[in-house]
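Everything below concerns the one structure shown next.
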Amino acid sequence: MTHPYIPNAEPGVRAEMLAAIGASSVEEFYADIPASLRLQRPLDLPAPFVAEYELKRHMKGLFDRNVDGLSFLGHGTYPHYVPAVCDEVNQRSEFLTAYAGEPYEDHGRFQALFEYVSMMGELLEMDVVNVPTYDGFQASGTAIRMAARYTKRAKVLIASPISADKLSKLADFLTPDVEIVHGTEIDDTFAAIYLETPDVHGVVATNGRELAEAAHAHGALLVVSTDPISLGVLAPPASYGADIVCGDIQSLGMHQAYGGGHAGFIATQDHEPLVAEFPSRLFGIAPTAVDGEYGFGDVFYDRTSFALREEGKEWVGTAAALWGITAGVYLALMGPEGMREVGETILARTRYAMDALGDLVQDAEAIHFREFAISVRDSHGLLATLREQGIFGGVPLDDRTVLVCVTERHTIAEIDRLAAAVKEAL
């Protein structure tokens, strides 16, 4: 049927559009989405409300169902402390409502983002950092695609454990152009080795240099995904040979917020052929019409789909610019010493929690940052028992494995409470 507010909803027009692209129905566009993820029924929505106060009452009822407690939940969205200034700045109207803009009309936001990418570059020991993209998952996919375009190859070797959700996203984002291979063997057909550190189990990789040497020996790149909050205490991937570094900045001043404020970063050295493969916007300093005066603007703009449209290397939509500004505030507030202190605190609290849970911990001899897995008889049963005591004990990775997250916010007493509750439940 024709919809009054949706262009091209008229059946005849829709049929012409489908014929022009060779599709028999709109359903063909969704063929790659697994059936398990597709809603095969109408949305479960209440009847329309006739007054605003009725809607507010309904929403309050939904919010009241949220349960607070002692949380050790992580697995991609982390309970780090958010300094008050992060919320204060990102809620200012000139940042909160800004969308895209151009340098001459949005100069303050461009400067704020330039400051963010500059501090990220210092933290990562990289020259070029992009304006944030949707999230860390997309940043990983785009980084691998950059490597594939740069090397003109179509395979990536996954060299560390990653989450099932991220693997699903990578498969969706890379198919059919880049083949994902798991293992340790590489040859001259690979575009890149992909390493995640800390990995899905919180283990910090110690073989980064060996992987870089293996990749470079075969003309491939090393792509490393990491969490920037760890880099005040862990060596940045660039120091052991990473060509592209990517990840998520949710840990830098963003709340978990029932799923988190996420944004992805990608970084490289100032090697023009590789920088040319960035599809996203890059901000730098540019001269103005006034001699000796400089401003902040797009760099190498012709790379982007904004400039090239159909010829763009990769489609780029809305950036998560607000979260980049937020992360910039966090980095400016913390400084090098603050980043070192928070990293050391997380490492120490993580090890204390591992020791407190003892023999349950998997791979206990490895260095862990923020997360570790424990083995239990019934992960879902254990977590249900803990919830009855007001403890969210972790994320079940399978029926016998629970991923526990510890950050700088967790006190020794809270960790002791978790360990005692787990041992009592078992």
Side-chain angles (χ1 to χ4, degrees), residues 66-91 123 135-136 163 197-204 226-234 247-263 323 326-357 360-361 367-374 383 386-387 389-397 402-422:
N66 291 325
V67 179
D68 196 11
L70 175 57
S71 175
F72 293 89
L73 302 177
H75 198 38
T77 301
Y78 300 103
H80 292 285
Y81 179 69
V82 176
V85 67
C86 292
D87 290 335
E88 178 66 25
V89 172
N90 73 22
Q91 293 301 300
L123 183 66
D135 59 21
S163 74
T197 178
D199 66 20
V200 65
H201 301 123
V203 175
V204 176
T226 192
D227 194 309
I229 203 168
S230 70
L231 299 183
V233 67
L234 299 179
D248 201 297
I249 59 173
Q250 183 268 328
S251 60
L252 304 181
M254 279 142 261
H255 299 278
Q256 282 187 296
Y258 308 100
H262 286 279
W323 297 133
T326 306
V329 172
Y330 183 92
L331 291 171
L333 176 69
M334 297 291 282
E337 187 68 16
M339 293 299 290
R340 181 186 64 79
E341 289 178 358
V342 73
E344 289 179 345
T345 302
I346 294 169
L347 276 175
R349 296 287 164 85
T350 304
R351 177 53 60 178
Y352 181 88
M354 293 169 64
D355 290 343
L357 287 163
L360 299 176
V361 176
I367 300 170
H368 286 71
F369 184 88
R370 189 174 55 196
E371 291 181 291
F372 57 91
I374 60 173
L383 294 175
L386 295 177
R387 283 195 297 271
Q389 302 176 49
I391 301 173
F392 295 91
V395 176
L397 297 184
V402 174
L403 189 67
V404 180
C405 173
V406 177
T407 74
E408 75 283 5
R409 286 176 52 180
H410 292 98
T411 67
I412 296 300
E414 289 172 336
I415 294 171
D416 288 343
R417 180 183 168 195
L418 170 69
V422 169

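We're numbering straight along the sequence, starting at 1.
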Legend entry - Where Pro79 and Thr407 come nearest, the two heavy atoms and their spacing: O-OG1, 3.0 Å
Inset, instruction - Could you tell me the separation between the CZ atom of Arg417 and the CD1 atom of Ile391, rounded to the nearest 0.5 Å? - result: 4.0 Å
Legend entry - Atom pair SG (Cys86) and OH (Tyr81), whose distance is rounded to the nearest 0.5 Å: 9.0 Å
Inset, instruction - Quick one: closest heavy-atom pair of His80 and Ser251, and the distance? - result: CD2-CB, 3.5 Å
Legend entry - Validation row: Leu333, Tyr330 side chains within 4.5 angstrom (heavy atoms): no
Inset, instruction - Step through the shown structure and confirm whether more than 12 heavy atoms of other residues, nucleotides or ligands are within 6.0 Å of CG on Leu397. - result: yes
Inset, instruction - State the CE-CZ distance between Met354 and Arg351, to the nearest 0.5 angstrom. - result: 3.5 Å
Inset, instruction - Considering non-hydrogen atoms only, spot the tightest contact between His201 and Leu403 and give its length. - result: CA-CD1, 3.9 Å
Inset, instruction - For a side-chain contact (heavy atoms from CB on, under 4.5 Å) with Glu414, tell me which candidate from Leu418, Ile412, Thr411 qualifies. - result: Thr411
Legend entry - Heavy-atom side-chain proximity of Asn90 to Val329 below 4.5 angstrom: no
Inset, instruction - Apply the test side-chain contact (heavy atoms from CB on, under 4.5 Å) to residues Tyr352 and Asp416: give CA-CA distance (whole Å), side-chain angles for both, the deciding distance (0.1 Å), then the verdict. - result: CA-CA 9 Å; Tyr352 181 88; Asp416 288 343; 2.7 Å; yes
Hey, can you pull the donor-acceptor pairs under 3.5 Å for the side chains in residues 67-77, sequence neighbours left out?
| unit_1 | atom_1 | unit_2 | atom_2 | d |
| --- | --- | --- | --- | --- |
| Ser71 | OG | Leu73 | N | 3.2 |
| Thr77 | OG1 | Gly259 | O | 3.3 |
| Thr77 | OG1 | His262 | NE2 | 3.0 |

Inset, instruction - Would you list the pairs meeting salt bridge (Lys or Arg N to Asp or Glu O under 4.0 Å) in which at least one residue belongs to residues 326-347, sequence neighbours left out? - result: Glu337-Arg340, Arg340-Glu344
Legend entry - Criterion side-chain contact (heavy atoms from CB on, under 4.5 Å) on Ile374 and Val404, from CA distance to verdict: CA-CA 8 Å; Ile374 60 173; Val404 180; 4.3 Å; yes
Legend entry - Heavy-atom closest contact (His255 atom, Gln250 atom, distance): O-NE2, 3.6 Å
Inset, instruction - Would you check if there is a donor-acceptor pair between the side chains of Asp227 and Tyr78 at a distance under 3.5 Å? - result: no
Legend entry - Exercise: identify the closest heavy-atom pair between Gly253 and Val82: O-CG1, 3.4 Å
Inset, instruction - Please name the pair of heavy atoms, one in Leu383 and one in Val402, separated by the smallest distance, quoted to 0.1 Å. - result: CD2-CG1, 4.0 Å
Legend entry - Interatomic distance, Asp199 atom CG to Thr226 atom OG1 [nearest 0.5 angstrom]: 11.0 Å
Legend entry - Straight-line distance of Leu357 CG to Ile415 CD1, nearest 0.5 Å: 9.0 Å
Inset, instruction - Could you tell me the separation between the CD atom of Gln389 and the CZ atom of Arg387, rounded to the nearest 0.5 Å? - result: 12.0 Å
Inset, instruction - Please step through side-chain contact (heavy atoms from CB on, under 4.5 Å) for the pair Phe369 and Ile346, ending with a clear verdict. - result: CA-CA 7 Å; Phe369 184 88; Ile346 294 169; 3.7 Å; yes
Inset, instruction - Side-chain contact test, heavy atoms from C-beta onward, threshold under 4.5 Å: evaluate it for Leu331 versus Met339 and give yes or no. - result: yes
